[in-house]
Protein chains: 2
Amino acid sequence: MDHEPPPPAAMPSGRRSTIGSLARRAGVAASTVSRALRDDPRISPEVRARIAALAAEAGYTPNILARTLVGGRSGLIGLVLGPIENPIYAEIMREAVAQAAARGFRLLLLHVGQGPIEDATAEALSQYRVDGCLITSAELSSRAAAICAGNGVPVVMVNRVPRQHENAVACDNRAAGEVLARLLLAAGHRRLAVVTGNPGTSTSQDRADGFSGFVSSAGLAAPRRIEGGASHAAGFAAGQAIAALPTEERPDAVLGVSDILAMGVMDGLREAGLSVPTDVSVVGVDGIAAAAGPPYRLTTVAQPLQAMVARGLDLLTARIGGAALPQEMVLLRGTLMRRHSARLTAPED
Amino acid sequence: MDHEPPPPAAMPSGRRSTIGSLARRAGVAASTVSRALRDDPRISPEVRARIAALAAEAGYTPNILARTLVGGRSGLIGLVLGPIENPIYAEIMREAVAQAAARGFRLLLLHVGQGPIEDATAEALSQYRVDGCLITSAELSSRAAAICAGNGVPVVMVNRVPRQHENAVACDNRAAGEVLARLLLAAGHRRLAVVTGNPGTSTSQDRADGFSGFVSSAGLAAPRRIEGGASHAAGFAAGQAIAALPTEERPDAVLGVSDILAMGVMDGLREAGLSVPTDVSVVGVDGIAAAAGPPYRLTTVAQPLQAMVARGLDLLTARIGGAALPQEMVLLRGTLMRRHSARLTAPED
DNA sequence: TTGAAAGCGGTACCAC
DNA sequence: GTGGTACCGCTTTCAA
């Protein structure tokens with residue numbers, strides 16, 4: 001088994017073994033080692049076994065960089081993450097790392113946050129020869145997009161509908177908004193409001209539109225729109241603003257376009273002395289873990305994150321394969337989670 | 001300026017330009033291009049300018065993989081992240097990406113979550129020739145540690161004191177516990193409790209020990225220990241358990257060893273009808289953003305995340321430089337944030 | 001079934 | 001100052 005004794009210091013214990021060194025030790029050519037290690041059927045079983053043993057003993061690991069250089073794939077997927085203050089991005093990331101690993105890919109963390117991607121980062125994309133790029137939320141800078149396009153690096157957006165020419169996987173946000181509107185109306189709510197997210201984001205717009213559209217087409221007054229943002233703090237402010245409204249104007253149900261925002265709304269309302277859901281019902285969209293339990297128990301439409309990431313990687317790997325596929329966009333239906341932040345039965349009167 | 005028209009399809013627009021192609025176009029040798037691009041002073045200004053212009057026009061980016069192959073650094077730092085349910089890890093990550101980028105490094109996301117690192121992941125570490133490894137929380141599997149040691153890849157742990165032989169940067173957790181204990185005692189609290197985190201983690205132990213130690217040495221009864229965990233849910237359960245205690249046994253102040261845990265404790269107490277801080281004071285450690293505002297306004301000791309990551313990268317880059325430095329451990333003092341989850345003035349009686 | 005050699009994109013050493 | 005060349009580790013023809 002040849003366990004090497006713990007090296008005296010942090011000394012790089014000898015040279016790393018390479019295909020060449022293995023070849024020498026095995027008395028064969030480098031090409032033979034290469035083939036043996038990749039289970040090429042042409043190599044005789046004995047030789048293959050001998051080389052495999054040698055490799056294991058030497059703790060050999062192939063140098064992917066060299067392999068990539070020859071023309072192979074890097075096995076790297078560039079990841080661009082949205083504002084991490086919203087736990088949804090952390091959840092997407094967790095899912096993405098795990099699923100990418102299962103498919104033999106590693107994630108190169110390019111950017112975190114909403115800010116635009118710096119040039120240096122955009123270049124990393126090209127310098128490291130990433131096979132593809134996974135983007136959540138944050139806008140891909142035109143620079144980065146150009147680099148991807150110019151190099152034939154496929155791009156897939158997750159949780160965001162592309163303004164440009166990328167592939168995308170998203171939750172059917174419009175439908176999510178409609179489902180929630182239907183739910184609230186069925187429970188007898190009549191004065192609705194929606195707290196919007198970051199202006200210009202498709203998620204916020206689609207959810208709000210679906211919600212408002214359903215209400216309007218039911219013949220009711222369009223929900224009041226309140227400017228929110230992407231954070232709990234923004235929701236909190238909105239909640240306080242709502243609480244400050246004259247009672248007869250106060251909505252009886254409000255949608256925060258994301259869970260984190262809706263949580264803020266709940267806290268804002270409660271801080272102002274109102275009760276949720278007794279005075280005001282609150283619902284969200286996303287399905288983040290933090291909103292599921294007390295003190296929120298948020299009724300929401302949960303995004304099918306696992307499936308979203310899976311389909312995102314599907315789109316990506318198909319295109320990494322080199323196939324000239326058309327732009328594709330996948331919409332996945334969310335799941336309504338009935339919890340306790342909204343009154344869901346018509347008041348008896 | 002030569003903006004290329006948007007390629008008809010996602011066609012890899014021609015070949016990527018390389019040092020060789022630039023050399024040909026410039027009518028010089030490849031080595032000259034290499035030197036010119038790296039601002040080697042030996043190259044004449046004119047040639048350098050000409051090559052720079054050519055490179056810019058062609059949208060040339062060096063292939064880091066090739067550069068690394070020659071013996072250079074990969075510029076890659078492996079990142080292992082703890083259980084992302086705790087926002088502290090997301091914050092560390094955000095900080096790490098930004099600071100690493102500023103130093104010219106990219107992060108290879110190796111693992112997220114508490115689970116042990118799979119073998120495939122550990123190998124990626126070696127295959128991609130990462131220059132160093134940054135670990136938060138999650139135990140580095142012995143496999144991964146062996147790979148790092150065997151290849152002379154330096155490892156630095158952030159937010160975790162190493163059981164093994166790695167370098168580390170952490171908050172002075174013991175001191176944090178003491179500071180909070182002193183604060184609570186000064187405000188007249190006498191019946192203290194501590195809700196512990198994941199068993200066996202140094203952060204949880206050190207914080208709890210510092211807290212308990214200070215109380216004991218002040219001549220008071222040691223704080224009651226309540227088993228918690230790493231999540232809001234664990235804290236919530238602990239909060240409910242505390243609320244269920246007979247009044248005369250109920251602690252008047254409790255430390256949740258992490259903010260997320262303390263938030264859970266607060267919610268658990270409140271759900272049971274108790275008021276924080278009127279009935280029970282609650283404090284935490286970490287300084288996560290979510291705990292700062294309402295409804296928590298958690299009094300806590302904030303970890304100096306920015307400095308922690310900076311020092312972590314310092315340790316790493318110094319060792320990546322090849323210097324044979326001794327194991328090093330850096331403890332950084334946190335900052336007490338007095339907010340409103342704890343009664344901080346002695347009750348007048 | 002195996003070996004030899006070329007080459008991927010750079011860097012660095014040695015000449016000139 | 002600049003060019004030639006060898007080489008990093010691996011894959012892939014092309015021969016044998």
Side-chain angles (χ1 to χ4, degrees), chain A residues 12 14-52 54-55 58-76 123-124 126-131 151, chain B residues 12 14-52 54-55 58-76 123 126-131 151-152:
Chain A
R15 269 212 104 30
R16 213 158 196 160
S17 66
T18 70
I19 256 189
S21 70
L22 287 180
R24 233 168 295 123
R25 299 222 292 142
V28 299
S31 46
T32 302
V33 175
S34 171
R35 289 192 272 251
L37 259 19
R38 325 192 85 221
D39 283 329
D40 189 311
R42 296 179 303 183
I43 301 299
S44 72
E46 306 83 56
V47 177
R48 198 188 311 181
R50 191 152 49 87
I51 294 181
L54 234 41
Y60 168 80
T61 37
N63 185 332
I64 298 230
L65 279 45
R67 183 179 287 172
T68 305
L69 193 56
V70 180
R73 322 236 130 278
S74 65
L76 248 27
E123 277 192 358
S126 157
Q127 300 184 239
Y128 285 96
R129 299 297 189 263
V130 302
D131 293 335
N151 294 323
Chain B
R15 267 212 106 31
R16 215 159 195 160
S17 66
T18 69
I19 258 189
S21 68
L22 288 181
R24 230 168 299 121
R25 301 221 291 142
V28 299
S31 46
T32 302
V33 175
S34 172
R35 287 191 276 249
L37 259 19
R38 324 191 86 223
D39 283 329
D40 188 309
R42 297 178 301 182
I43 301 298
S44 73
E46 306 83 55
V47 176
R48 198 189 308 181
R50 190 152 51 87
I51 295 182
L54 234 41
Y60 167 80
T61 37
N63 185 331
I64 296 232
L65 281 46
R67 184 179 287 172
T68 305
L69 193 55
V70 188
R73 323 236 131 277
S74 65
L76 247 27
E123 276 191 0
S126 157
Q127 299 183 230
Y128 285 96
R129 299 296 189 263
V130 302
D131 292 335
N151 293 323

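All figures in this text were calculated on a predicted structure; none of them were measured in a lab.
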Does any non-hydrogen side-chain atom of [Y] lie less than 4.5 Å from one of [X]?
| X | Y | answer |
| --- | --- | --- |
| B/L54 | B/Y60 | no |
| A/L22 | A/L37 | yes |
| B/S126 | A/R16 | yes |

Can you tell me how far [atom2] of [N] sits from [atom1] of [X], to the nearest Å?
| X | N | atom1 | atom2 | answer |
| --- | --- | --- | --- | --- |
| A/Q127 | C/dG10 | CD | P | 10 Å |
| B/R42 | C/dA15 | CZ | P | 14 Å |
| A/I43 | D/dT12 | CD1 | P | 13 Å |
| B/I51 | C/dG10 | CD1 | P | 13 Å |
| B/D40 | D/dG3 | CG | P | 13 Å |

Task: From A/S74 atom OG to B/I64 atom CD1, the distance as rounded to the nearest 0.5 Å - done: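 Those atoms lie 12.5 Å apart.
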- [ ] Give, for atom CG of A/N63 and atom OG1 of B/T68, the distance between the pair rounded to the nearest 0.5 Å.
- [x]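 So the gap between those two atoms works out to 8.5 Å.
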TODO: Indicate the atoms forming the closest heavy-atom contact of B/Y128 with A/L76, along with that distance.
DONE: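 Taking every non-hydrogen atom into account, CE2-CD1, 3.5 Å.
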Task: Minimum heavy-atom distance A/A23-A/V33, with the two atoms named - done: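 Distance-wise, the nearest heavy atoms are CA-CG2, 3.6 Å.
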Task: Contacts of A/R38 that satisfy salt bridge (charged side-chain N to carboxylate O under 4.0 Å, His left out) - sequence neighbours left out - done: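 For A/R38 there are no salt bridge (charged side-chain N to carboxylate O under 4.0 Å, His left out) partners, ignoring immediate neighbours.
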Show each protein N/O and nucleotides 8-11 of chain D N/O combination with a separation under 3.5 Å, one pair to a line.
residue : atom : partner : partner atom : Å
D/dC8   : O2   : B/V70   : N            : 3.4
D/dG9   : N2   : A/A66   : O            : 3.4
D/dC10  : OP1  : A/Y60   : OH           : 2.6
D/dC10  : OP1  : A/N63   : N            : 3.0
D/dC10  : OP2  : A/I19   : N            : 2.5
D/dT11  : OP1  : A/R38   : NE           : 3.3
D/dT11  : OP1  : A/R67   : NE           : 2.6
D/dT11  : OP1  : A/R67   : NH2          : 3.2
D/dT11  : OP2  : A/S34   : OG           : 2.8

TODO: Please give the angle, rounded to 10 degrees, between the axes at the start and the end of the helix from C/dT1-D/dA16 to C/dC16-D/dG1, where five pairs define each axis.
DONE: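 The two end axes of the helix from C/dT1-D/dA16 to C/dC16-D/dG1 meet at 40°.
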